[in-house]
Amino acid sequence: VFTLEKSALSIEEISTMTDIPKNTVYRILYTLERRGLIKFDQDSLTYRPGLRLIEFGFLQAAVIDVKKEAEDLLDELFKKTKQTVLMALKEDDDQLFYIFKRESSEGLKVSTQVGVRRNIFFGVLGHSILAFFPEQKVERLLQDEFKPSSPNSVTDKAIIRQRLSKIKKDRVYMQANETTVGVMGISAPVFNAVGEPIAAIGVIGPAIYFDNEQVEMVKKLVKECGENISERMGYKLKLDPIS
């Protein structure tokens with residue numbers, strides 16, 4: 001009964017759709033939940049496909065709500081860094097779609113808002129996704145015209161290729177003064193169950209705040225957060241991303 005359009009269902013809905021009594025539905029769901037095939041959401045009192053269903057290939061990874069799986073981890077990242085935290089999904093290969101933003105009431109404000117689409121070359125997040133695209137796809141995107149975000153934006157294709165190669169190795173990326181002068185960002189990729197890059201997360205803050213010690217600390221936190229979200233999406237760290 002679960003579909004991409006209807007990925008969360010109550011016991012009543014499942015009972016109606018399957019014509020199985022609610023008591024029986026509950027017992028079945030209880031068993032499936034214990035085996036990791038179904039996940040119960042206490043807030044909405046609904047059931048959703050669990051990660052093991054993804055592993056078995058019964059459902060596509062898109063069934064899982066990435067934002068829902070990531071939100072508590074991103075909130076924790078915000079608390080630890082005290083800087084703006086963003087998350088964006090890959091959309092149509094050359095676009096980012098921002099789905100999460102958390103910033104303090106004081107300090108740096110960023111222009112990007114939830115629901116906004118940006119070119120994948122914009123800012124720090126897109127590079128963390130691009131690095132794990134197949135090489136031919138990267139080359140195709142590099143042939144397209146993309147506007148620099150600021151006078152400091154790097155548009156040299158050779159430098160961009162070097163950066164993407166390093167990101168693929170490090171799985172974390174730092175960029176300073178290129179989107180906005182005086183602002184630094186650190187990002188990491190998020191993968192789905194089959195190793196495809198589906199999103200990126202990032203911490204954005206004043207460059208003056210990030211001394212060497214802070215940079216290393218935030219890079220570690222962002223990378224770990226990206227890995228934890230990926231794991232919730234069914235990704236196994238030992239699995240090499242698709243290339």
Side-chain angles (χ1 to χ4, degrees), residues 51 54 60-62 64-74 76-78 80-81 83-102 112 114 117-142 146 154 160-176 178-179 184-204 215-243:
L51 291 178
I54 305 300
Q60 296 183 32
I64 296 180
D65 186 336
V66 183
K67 181 182 177 183
K68 193 172 186 104
E69 294 295 334
E71 204 152 10
D72 62 320
L73 296 172
L74 295 174
E76 188 65 23
L77 182 62
F78 172 77
K80 289 178 178 178
T81 63
Q83 301 296 326
T84 297
V85 173
L86 299 172
M87 182 178 192
L89 296 179
K90 173 181 75 71
E91 190 174 72
D92 299 329
D93 290 340
D94 63 346
Q95 295 284 309
L96 294 175
F97 180 71
Y98 288 82
I99 62 170
F100 182 93
K101 177 182 178 181
R102 181 83 184 273
T112 296
V114 170
R117 286 175 172 81
R118 303 278 197 189
N119 184 281
I120 201 163
F121 288 97
F122 176 86
V124 70
L125 272 66
H127 288 73
S128 283
I129 297 174
L130 270 172
F132 297 91
F133 278 7
E135 187 175 338
Q136 64 270 24
K137 187 178 291 185
V138 173
E139 289 303 317
R140 176 177 60 79
L141 291 173
L142 284 174
F146 53 93
V154 172
I160 292 174
R161 290 188 189 98
Q162 291 174 2
R163 286 183 171 182
L164 296 181
S165 178
K166 189 173 190 310
I167 294 167
K168 194 168 185 177
K169 177 184 176 183
D170 298 343
R171 301 199 174 207
V172 66
Y173 173 56
M174 180 187 71
Q175 185 185 97
E178 290 190 33
T179 305
M184 177 179 285
I186 296 173
S187 68
V190 172
F191 302 102
N192 65 13
V194 294
E196 297 170 329
I198 56 172
I201 62 169
V203 168
I204 315 296
V215 165
E216 293 308 311
M217 184 269 288
V218 175
K219 284 172 71 173
K220 181 174 183 293
L221 290 173
V222 171
K223 183 178 179 180
E224 287 177 351
C225 185
E227 290 174 349
N228 289 335
I229 297 170
S230 298
E231 186 175 354
R232 289 187 179 185
M233 300 307 298
Y235 174 64
K236 299 290 189 290
L237 291 179
K238 64 182 180 181
L239 176 70
D240 288 332
I242 291 175
S243 60

Heavy-atom check, side chain of [X] versus side chain of [Y], under 4.5 Å:
| X | Y | value |
| --- | --- | --- |
| Lys80 | Glu76 | yes |
| Lys90 | Phe132 | no |
| Met184 | Val215 | yes |

Exercise for review: Let me see the working for Arg171 and Phe191 under side-chain contact (heavy atoms from CB on, under 4.5 Å), right down to the final yes or no.
Suggested key: CA-CA 11 Å; Arg171 301 199 174 207; Phe191 302 102; 3.6 Å; yes

If I compare all heavy atoms of [X] with all of [Y], which pair ends up nearest, and what's the gap?
| X | Y | value |
| --- | --- | --- |
| Gly226 | Ile201 | N-CD1, 3.4 Å |
| Val138 | Leu130 | CG2-O, 3.6 Å |
| Leu164 | Ala131 | O-CB, 3.4 Å |
| Leu96 | Ala88 | CB-CB, 4.1 Å |
| Ile204 | Gln83 | O-CB, 3.5 Å |
| Val190 | Ser230 | CA-OG, 3.4 Å |

Check your understanding: Quick one: do Lys220 and Glu224 make a salt bridge, cutoff under 4.0 Å?
Key ->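 Yes, this pair counts.
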
Check your understanding: Quick one: side chain to side chain contact (heavy atoms under 4.5 Å, CB included) partners of Lys68, sequence neighbours excluded?
Key ->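 Lys68 satisfies side chain to side chain contact (heavy atoms under 4.5 Å, CB included) with Asp41, Arg48, Asp65 only.
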
Check your understanding: Residues in side chain to side chain contact (heavy atoms under 4.5 Å, CB included) with Arg163, at least two apart?
Key ->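 Result, side chain to side chain contact (heavy atoms under 4.5 Å, CB included) vs Arg163: Val154, Ile159, Tyr173, Gln175, Glu178.
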
Check your understanding: Is there a side-chain contact (heavy atoms from CB on, under 4.5 Å) between Leu125 and Arg118 once you walk through the steps?
Key -> CA-CA 10 Å; Leu125 272 66; Arg118 303 278 197 189; over 6 Å; no

Any donor-acceptor pair under 3.5 Å from [X] side chain to [Y] backbone:
| X | Y | answer |
| --- | --- | --- |
| Lys67 | Met87 | no |
| Arg102 | Phe78 | no |
| Ser187 | Gly202 | no |

Exercise for review: Verify side-chain contact (heavy atoms from CB on, under 4.5 Å) between Val203 and Leu221, making sure each step is shown before the conclusion.
Suggested key: CA-CA 10 Å; Val203 168; Leu221 290 173; over 6 Å; no

Review point. Would Leu141 and Phe121 count as a side-chain contact (heavy atoms from CB on, under 4.5 Å) if you check the C-alpha gap in whole Å, the side-chain angles of each, and the deciding distance to 0.1 Å?
Key: CA-CA 9 Å; Leu141 291 173; Phe121 288 97; 4.2 Å; yes

